[in-house]
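One structure is given here, and the rest of the page talks about it.
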Amino acid sequence: MRWRVPAFSVTNLALPIVFFTFFGLPVAHLRRADGVSIGAYLLASFGAYAVGNVMIYGFGIGVANERAMKIDRLMRASPLPPLVFMLAKVLTALVFALLALMLLIGFGATVGGIHQPGAVWAMVIARLLAGSLPFIALGFAIGYLSGPHAAPAVANLIYLPLAFASGFFVPVGQLPPFVQAIAPFLPTYHYAQLAWSALGAGSETLGTSLLWLAGYTAVFLALAVRAYRREERAKFA
Amino acid sequence: MTPVVELRAARKRFGQVEALRGVDLAIGTGELVALLGPNGAGKTTSISLMLGLRRPTGGEARLFGFDPTDQRARSRCGVMLQESGTTGVLTVRELVDLFRSYYPSPLPAATAIARAGLDAKAGVRAGTLSGGERQRLYFALAVCGDPEALFLDEPTVGLDVEGRRAVLDSIRALSAAGKTIVLTTHYLEEADQLARRIVVIDRGMVIADATPREIKSRIPSKRISFNTGAPVSDATFRGLPVQNLELADHRVRLLSHEPELVLKALFERGVAVRDLEVTGADLEEAFLSLTTRP
């Protein structure tokens with residue numbers, strides 16, 4: 001279904017590769033001070049960007065559209081339990097995110113000559129998929145809080161600054177000092193740490209990353225549930 | 001036996017507006033019931049309560065004896081709603097297949113699509129369908145699970161003559177096959193053609209619940225119009241079975257189900273009747289006399 005919306009499939013599958021081509025390929029052959037390949041490091045960063053994209057735009061815009069088109073009303077009257085409908089959407093998004101990651105990593109390997117053991121990439125992929133929970137919640141929150149016209153703008157306004165400030169496109173060390181100071185408080189920063197540390201280039205322990213992500217999940221989930229309940233009251237109470 | 005649908009003293013308030021003001025209604029297995037009423041009477045609200053899409057402010061709604069949101073009740077119902085949508089990127093057949101998967105023993109997809117008269121559009125994306133075709137798609141989605149009960153909110157709205165006939169024929173066939181069908185309409189004629197029981201809803205209350213024949217006997221069937229030599233007033237018609245009386249200068253228009261009696265009385269009261277016309281009342285017009293009280 002996502003395939004049939006080029007605005008979604010192209011953005012989510014091709015954009016990370018396009019950005020990686022501009023930001024990553026030129027420096028892919030270099031190594032960091034700790035010996036980790038910068039190519040691999042940036043592939044992990046753009047992988048985080050890709051999964052965040054799928055979740056925030058997919059759910060943010062998707063749910064807003066569903067509400068506007070009153071798809072929710074028909075689904076609500078069908079025998080399909082709302083929770084199953086929601087979980088099915090999450091599962092589809094995870095499959096789509098997996099595909100985006102495999103395309104990106106495949107592109108890095110074939111075009112950029114960036115190689116890592118399969119187990120390392122498997123770890124990066126598994127962590128990025130499992131760690132995407134806060135962004136799924138954020139996507140739902142955006143979808144329930146904004147109309148279909150506002151949702152893309154809201155998603156951009158929230159996600160792009162987060163992605164830039166967390167070193168998805170340019171390593172954190174090269175960002176302006178005040179951004180560097182903010183970065184460690186952002187969910188996207190700790191999310192990317194999951195992938196970077198799988199390569200041995202993380203700057204915090206896995207436990208720290210997970211704790212931050214769990215905290216943000218709680219916040220975004222509370223926001224999403226609140227918005228969802230408000231909608232419930234207005235439409236189905 | 002447990003009724004398929006039951007509303008008990010159901011009330012629904014939206015802010016200041018009381019959409020339903022105590023509705024009692026039980027619909028048994030195999031009935032074909034038309035909820036009839038003008039726009040805004042509370043038909044859609046009634047259906048929403050029956051399906052658990054809305055919670056009653058007071059009273060109770062039961063579906064197959066369960067809470068209407070209960071899975072055991074839901075999987076036995078097919079639903080066609082006003083103001084609902086589907087994704088536009090799936091084709092008609094894909095959507096029908098998707099909805100079939102929600103039911104324990106659905107119809108073959110082709111059968112459901114044919115019942116809605118959409119065979120020619122099966123491979124087309126829902127987003128490109130015309131308004132009438134979309135309406136037929138919703139009908140296909142309602143019937144594809146082969147449910148025991150069907151809830152059709154204004155099933156023929158936006159359909160052309162042919163589409164309307166196809167849907168009405170399908171509804172009759174489904175009813176003949178033993179399905180319980182609840183539909184809403186604001187066309188008396190449609191309710192009359194289809195249903196064996198008509199529930200007239202007006203301003204959130206059931207004002208009539210009877211067979212089409214009984215309903216029609218209660219509404220004035222003839223329109224009388226004539227000119228008078230001298231101006232007449234409401235008093236002239238006191239005690240006569242007339243409704244929707246309109247007096248304009250020398251022109252009188254009224255509805256009655258006993259035109260002979262009215263005319264006889266008028267002659268006796270010495271009213272000069274000229275240019276007399278007695279015609280069958282327009283059903284819609286007659287129906288309005290039932291639902292709009294001064």
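Model, not experiment: these values are computed from the prediction.
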Query raised in the report: A/Ala234 versus chain B, heavy atoms under 4.5 Å apart: side chain, backbone, both or neither?
Result: backbone
Query - B/Arg93 CZ: over 12 foreign heavy atoms closer than 6.0 Å - result: no
Query raised in the report: Using non-hydrogen atoms and a limit below 4.5 Å, what part of residues 140-150 of chain A faces chain B?
Result: none
Query raised in the report: Is the number of heavy atoms from other residues, nucleotides or ligands under 6.0 Å of A/Met123 CE greater than 12?
Result: no
Report summary line: One should read off an interatomic distance between A/Met75 CE and B/Thr87 OG1, to the nearest 0.5 angstrom, of 10.5 Å
Query raised in the report: Closest heavy-atom contact between B/Leu141 and A/Leu74?
Result: CD1-CD2, 4.0 Å
Query raised in the report: How far does CZ of A/Arg73 sit from OG of B/Ser48, to the nearest 0.5 angstrom?
Result: 4.5 Å
Query - Crowding at CZ, A/Arg229 (>12 non-hydrogen neighbours, <6.0 Å) - result: no
Query raised in the report: Given a strict heavy-atom distance threshold of 4.5 Å, which part of B/Phe151 is in contact with chain A: side chain, backbone, both, or neither?
Result: neither
Query raised in the report: Is the number of heavy atoms from other residues, nucleotides or ligands within 6.0 Å of CZ (B/Arg172) greater than 12?
Result: yes
Requested in this report: Can you tell which part of A/Arg67 gets under 4.5 Å to a heavy atom of chain B, answering side chain, backbone, both or neither?
Outcome: neither
Report summary line: Against chain A, residues from residues 51-58 of chain B with at least one heavy atom under 4.5 Å, in numeric order, are B/Leu53, B/Arg54, B/Arg55
Query raised in the report: Is the shortest heavy-atom distance from the side chain of B/Gln71 to the side chain of A/Pro79 under 4.5 Å?
Result: yes
Report task. Using a cut-off of under 4.5 Å on heavy-atom pairs, state which of B/Lys12, B/Arg76, B/Arg74 scores highest against chain A. Result -> B/Arg74
Query raised in the report: If you look at every heavy atom in B/Leu81 and A/Ala77, which pair is closest and at what distance?
Result: CD1-CB, 3.9 Å
